[in-house]
Amino acid sequence: MKKAVYKILPEYNLIIEYYRGKINSEDIIELKKREVQDKLYNPNSNFIIDFRKLETPAGADFGSAVTRLNEYFQKLGLKGKVAILTSTPDHVVLSVLMKKVNKDSLNISTEPFSTLKTALRFVNCSPANDDIIKNILDELDESSFNNLNT
């Protein structure tokens, strides 16, 4: 089972990233490397990052992980908005750190959200597409999660 998967939706100018279980900064960087090699990748895309099933280890050093990730993100030239779906206080802490670092060094607007609906509005997705995006997240979580090659 992969711990981090993505799906690029060019018709919505959106990249969805889904994380599950225990991950580290290397897992996220590996996902980003696969993303940028994808023929559909666009650095101007907006992102929905789903951390809701991410397990954060006790005593996790979020600060150093976010700094390491930011160094890599600077190389990618990211420009879109980033909505991070959270379900625990640790996810919110990680999201707030990412928000600060992204704003200071990348000038990317990053916000944590507890609902998909508000996250989608932040990244300029039409309410008419809510069910489509929810179904894609469900697919990433369920049966296709184990079979994705991306």
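Along the sequence shown, the residues carry numbers beginning at 1. FYI, side chains are in, hydrogens and waters are out, and symmetry mates aren't considered; it's all heavy atoms of this structure.
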Next on the checklist: If the test is side-chain contact (heavy atoms from CB on, under 4.5 Å), which one of I136, I15, I132 qualifies with L9?
Outcome noted: I136
Checklist entry - Rounded to the nearest 0.5 Å, how far does CG of L85 lie from OG of S114? => result 8.5 Å
Next on the checklist: Using the rule given for side chain to side chain contact (heavy atoms under 4.5 Å, CB included), can you reason through L14 versus F47, listing the C-alpha separation, both sets of side-chain angles and the distance that settles it, and then say yes or no?
Outcome noted: CA-CA 6 Å; L14 187 65; F47 288 82; 5.7 Å; no
Next on the checklist: The criterion is side-chain contact (heavy atoms from CB on, under 4.5 Å); which residues satisfy it with T86, sequence neighbours excluded?
Outcome noted: I84, H91, V92, S95, P112
Next on the checklist: Treating N46 as the side-chain partner and K81 as the backbone partner, does any N or O pair qualify as donor plus acceptor under 3.5 Å?
Outcome noted: yes
Item to check | CA sep, side-chain torsions, deciding dist, call: Y6, I16, side chain to side chain contact (heavy atoms under 4.5 Å, CB included) | outcome: CA-CA 5 Å; Y6 72 92; I16 298 174; over 6 Å; no
Item to check | Side-chain heavy atoms of L120 within contact of I48, under 4.5 Å | outcome: yes
Next on the checklist: Do the side chains of E17 and K32 get close enough for a salt bridge, i.e. N-O under 4.0 angstrom?
Outcome noted: yes
Next on the checklist: Tell me every residue that passes ring-ring contact (aromatic ring centres under 6.0 Å, His included) with F122, counting only those two or more places apart in sequence or in another chain.
Outcome noted: F113
Item to check | Distance, nearest 0.5 Å, that separates CD1 of I49 from OH of Y19 | outcome: 5.5 Å
Next on the checklist: My understanding is that only residues two or more places apart in sequence, or in another chain, count here; which of them pass side-chain contact (heavy atoms from CB on, under 4.5 Å) with N135?
Outcome noted: D138
Checklist entry - Can you name the nearest heavy-atom pair linking P10 to L40, along with the distance? => result CG-CD2, 4.1 Å
Checklist entry - What pairs of residues pass the side-chain hydrogen bond (donor to acceptor under 3.5 Å, both in side chains) test when at least one of them lies in residues 117-127, not counting sequence neighbours? => result T115-T118, R121-D130
Item to check | pair Y18-K53: side-chain heavy atoms closer than 4.5 Å | outcome: yes
Next on the checklist: D50: which residues meet the side-chain hydrogen bond (donor to acceptor under 3.5 Å, both in side chains) condition with it, sequence neighbours left out?
Outcome noted: R52
Checklist entry - Are any side-chain N or O atoms of R20 and backbone N or O atoms of A4, one a donor and one an acceptor, separated by less than 3.5 Å? => result no
Item to check | Least distance between heavy atoms, K3 atom then K22 atom | outcome: CD-O, 2.9 Å
Checklist outcome for this item: Taken to the nearest 0.5 Å, the spacing of D38 CG from K7 NZ works out to 10.0 Å
Checklist entry - Under the side-chain contact (heavy atoms from CB on, under 4.5 Å) test, which residues partner P43, sequence neighbours left out? => result Y41
